[in-house]
Amino acid sequence: MNDGNNLKKIIGDVLPKEAGFVKAEYEGPEIAVYVENMAPFFDDDSHVKRLATILKKKVIMRISFEGKEGKLGMDEKEREDVEKKIREIVPPEAEITQIHFDEAFFEVVLEAMKPGLVIGKRGLTLKKIIEETGWTPRILRAPTMPSTTIKGIRSAMLRESARRKKFLTALGEKINTPPPAEEKSKWVKITALGGFREVGRSCILLETNNDKFMLDCGINAETIEPSRAYPLLSEISVPIDEINGIIVTHAHLDHSGFVPYLFAYGYECPVYCTPPTRDLMALLQFDYIGIMNKSGHNPPYTEKDVRKMLQYCVVRNYSQVTDVSPEVKLTFHNAAHILGSSMAHLHIGEGLHNLLYTGDFKYGKTKLFDQATTDFPRIETIIMESTYGGKDDIMPLRRESEQLLTDTIEKTINRGGKVLIPVFSVGRSQEIMLVLEEYSKINRLNFPVFLDGMIMEASAIHTVYPEYLKKNVEHRVLSNDSPFESEIFELVKNNRQEVIDGDPCVVLAPSGMLTGGPSIEYLKHLADNEKNMLIFVGYQSALSLGRKLQDGVRELALPDEEGKLKRMPVNIEVTTVEGFSGHSDRKQLISFARNVNPKPEKIITVHGEDKCEELAYTLNKLLRIETRSPAILDALRLR
Ligand SMILES: [Zn+2]
Ligand SMILES: [Zn+2]
């Protein structure tokens, strides 16, 4: 489309002379335009808008340091001066938490509790910073509660920023180099590498004549046997360097857990996801490595590989149309499953094919998110999840579920027992936290709610992205009334044994299916007492310990402190409260397929055991469209 010279000419023609256009560079899917003087754009952004329309790309404007001695490689004193100036310009209520200089991007990174106040009314504060310091700010929101993940990711990004800049420039060139007319794509095909007629290790290879993308790349955390735990990449021998990008719909390990493995084996291409997905998946991957090591198993990758992955993440918000290759445009849409979860819409070729991959989604009410999107520009094929697609998978109304949950908790506390709720640290735990927080406002709670594992950390990440939450929750986070910080919640640090030996309480602990992590530790100590209660609030897959307990197993064999298997009776009361799932139930899956606009030609079902076939059969009968439920390793031509 645009070679370097052509690009220069277009930009030079559009921008006013007094801006002093210096250069433009692709930066992944965006374009960075460097000028000497930003003032002409302060009151009139029409030039930048026109440029974005002509180039069909997001345009980032920055002040160039080229030829300006002293801007780069500033010494301590000069940095301090700029910092001081910024703190003078920005009102103290903005609560700046960090100031860093990212020299590779010519930007000053400002982290603040109230980013809106750093920008100021009509962007006035921001303009003043640019005018008086010559630095272009990049503004980040600080979490309202401490988060080592956010801190770690942000400082790692800065450390590696020069390498990241190089990667983004090269990626931009690749995305903007179209194939010759006679080599345009003519076909589209998918191959099932994981998560087909099963739950876990979701992975789809999407291919056209010219491109290869991976849609999700997860693991099945219930097993350590590679042939069942990991996507079957080696079976079809795709060379890693031929993959243009990995698209991750959300952070759960069954969708993101295998991504760092590819980096361990030399993959150096982009990972497309939303900003919260990047942060949450890193949190879960680090946690996974820790759990594997602790249980004496070799994790498939190291923390170094996760950090490398972070450098290659290209984050996009919902509804941002993004070129991911010369022929493929990607747009994320709200999936309402967990923070940052998305449906991936792919526009392939000029009208060759439009594919919607739903990932996990909730087409129904939750406390955290707005309902999943159903409006799209064009769709020919939908690949949709079917976790609860069976004919008996009808969930009760949310109101009834909440009542049952709080009644069950009250009953247990009143008889002197403890309640263990195994939850995913991301998703179900925050949803249950909001239910308990709301309940505590009406009924004084006389017991604490302990949060173990990564739940508190994951909640902190929610406070960095309030715009991804439902309006009322967003409002509370923004006005110092975050429900995640309610006094009913207590973090378990080194006092797990005290919690176990202590007074009646509620414990939220991962993993959600009792496949590892702190929830197992609590179970070991709470299982023999019939006053205690185990409440399942989420999906329990076929191989999990959770499913076995749901099915009525009354004796467990679990490793003790020395790692020896110990038999123990299950006297704890076991119950399941349906209705809190982040997945759509059968009714919601069917309504989604019925309401999605425009109507697709074909629906492919994934992410379900026998439910994939059941849902495919039902949708075919009800909607009279072609449906398929491929088996793992099947390949299917879409066009
Ligand atoms: Zn999920
Ligand atoms: Zn999933």
Side-chain angles (χ1 to χ4, degrees), residues 1 26-31 52 55-58 167-168 170-179 184-185 188-190 202-218 242-251 255-256 259 262 267 269-278 281 309 312-335 337 340-361 372-384 468 596 600 604 606 638-639:
M1 176 186 68
Y26 289 118
E27 209 164 85
E30 298 165 350
I31 278 186
L55 299 173
K56 295 199 185 77
K57 282 191 191 301
K58 189 176 163 199
F167 151 67
L168 286 174
L171 172 65
E173 298 290 339
K174 220 161 123 187
I175 291 174
N176 290 288
T177 311
K184 280 191 175 164
S185 286
V188 180
K189 130 187 173 184
I190 57 163
S202 285
C203 189
I204 303 166
L205 179 69
L206 171 75
E207 285 175 276
T208 70
N209 306 50
N210 297 315
D211 292 316
K212 289 184 178 60
F213 284 95
M214 209 168 259
L215 308 180
D216 283 339
C217 193
E242 283 183 18
I243 297 170
N244 305 47
I246 306 171
I247 294 163
V248 178
T249 57
H250 68 287
H255 299 257
S256 79
V259 177
L262 301 191
Y267 178 77
C269 281
V271 176
Y272 296 100
C273 60
T274 63
T277 297
R278 176 196 58 198
M281 76 176 168
M309 175 201 78
Y312 288 85
C313 283
V314 176
V315 293
R316 314 302 286 163
N317 287 313
Y318 296 149
S319 305
Q320 283 185 319
V321 180
T322 304
D323 293 316
V324 291
S325 90
E327 295 186 308
V328 180
K329 288 187 202 313
L330 162 72
T331 316
F332 288 125
H333 297 269
N334 173 29
H337 171 63
S341 66
S342 56
M343 304 191 181
H345 181 275
L346 292 141
H347 175 83
I348 304 164
E350 282 146 29
L352 181 68
H353 202 75
N354 288 271
L355 170 68
L356 177 71
Y357 170 46
T358 66
D360 296 352
F361 72 98
T373 313
T374 46
D375 282 325
F376 301 91
R378 273 185 60 180
I379 306 177
E380 277 83 47
T381 302
I382 297 183
I383 304 177
M384 75 184 264
Y468 277 78
V596 73
I604 295 166
V606 296
L638 302 181
R639 170 71 198 234

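- In this structure a side-chain-to-backbone donor-acceptor pair under 3.5 Å is present from Thr177 to Glu173.
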Please step through side chain to side chain contact (heavy atoms under 4.5 Å, CB included) for the pair Ile604 and Thr381, ending with a clear verdict. CA-CA 8 Å; Ile604 295 166; Thr381 302; 3.8 Å; yes

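- In terms of heavy atoms, Tyr468 sits closest to Arg316 at OH-O, 4.2 Å.
- Considering only heavy atoms from C-beta on, Leu215 comes within 4.5 Å of Leu355 through its side chain.
- Checked by atom type, the side-chain pair His250/Ser256 shows no donor-acceptor distance below 3.5 Å.
- Side-chain atoms of Thr373 do not come within 3.5 Å of backbone N or O of Asp375 as any donor-acceptor pair.
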In sequence, state the C-alpha distance, the side-chain angles, and the governing distance for Asp211 and Ser325, and then conclude on side-chain hydrogen bond (donor to acceptor under 3.5 Å, both in side chains). CA-CA 8 Å; Asp211 292 316; Ser325 90; 2.7 Å; yes

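- Smallest separation of non-hydrogen atoms from Met214 and Cys217: SD-SG, 3.8 Å.
- To the nearest 0.5 Å, atoms CG (Leu352) and CG (Leu638) are separated by 10.0 Å.
- Considering CE of Met343 and OG1 of Thr374, their distance stands at 8.0 Å, rounded to 0.5 Å.
- Qualifying salt bridge (charged side-chain N to carboxylate O under 4.0 Å, His left out) partners for Asp323, counting only residues two or more places apart in sequence or in other chains: Lys57, Lys329.
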Begin from the C-alpha positions of Tyr267 and Ile243 and carry the test side chain to side chain contact (heavy atoms under 4.5 Å, CB included) through to its verdict. CA-CA 8 Å; Tyr267 178 77; Ile243 297 170; 4.0 Å; yes

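- Of the residues listed (Phe361, Tyr318, Phe376, Tyr357), the one engaging His333 in a ring-ring contact (aromatic ring centres under 6.0 Å, His included) is Phe376, and it is the only one.
- Here the closest non-hydrogen pair linking Ser342 and Phe332 is OG-CD2, 3.2 Å.
- Side-chain contact, Thr249 with Asp216: a donor N or O sits under 3.5 Å from an acceptor N or O.
- Considering every non-hydrogen atom in both Val314 and Pro270, the closest pair reads CG2-CB, 3.9 Å.
- Residues His345 and Pro377 have side chains in contact (heavy-atom distance under 4.5 Å, counting atoms from C-beta outward).
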Could you go through Ile348 and Thr208, starting from their C-alpha distance and side-chain angles, then the distance that decides it, and tell me whether this counts as side chain to side chain contact (heavy atoms under 4.5 Å, CB included)? CA-CA 9 Å; Ile348 304 164; Thr208 70; 3.7 Å; yes

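- To the nearest 0.5 Å, atoms NZ (Lys58) and CD (Glu27) are separated by 10.0 Å.
- Taken from OG in Ser341 to CG in Asn334, the straight-line distance is 6.0 Å, to the nearest 0.5 Å.
- The shortest heavy-atom contact between Ala251 and Met281 is CB-N, 3.4 Å.
- Counting only heavy atoms from C-beta outward, the side chains of Glu350 and Lys184 approach each other to under 4.5 Å.
- In this view, Glu327 satisfies the salt bridge (charged side-chain N to carboxylate O under 4.0 Å, His left out) rule with no residue, not counting sequence neighbours.
- Interatomic distance, Ile247 CD1 to Leu346 CG, rounded to the nearest 0.5 Å: 4.5 Å.
- Around atom NZ of Lys212, more than 12 heavy atoms belonging to other residues, nucleotides or ligands sit under 6.0 Å away.
- Between atom CG of residue Asn176 and atom CG of residue Leu171 there is a gap of 9.0 Å, rounded to the nearest 0.5 Å.
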Passes side chain to side chain contact (heavy atoms under 4.5 Å, CB included), Met309 versus Arg278? Steps please. CA-CA 9 Å; Met309 175 201 78; Arg278 176 196 58 198; 5.8 Å; no

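- Ring geometry, Tyr272 versus Phe213: the interplanar angle falls from 30° to 60°, so the pair is classed tilted.
- A donor-acceptor pair under 3.5 Å links the side-chain atoms of Thr322 to the main chain of Gln320, judged by distance alone.
- Considering all non-hydrogen atoms of both residues, Val596 and Pro600 come closest at CG1-CD, 3.8 Å.
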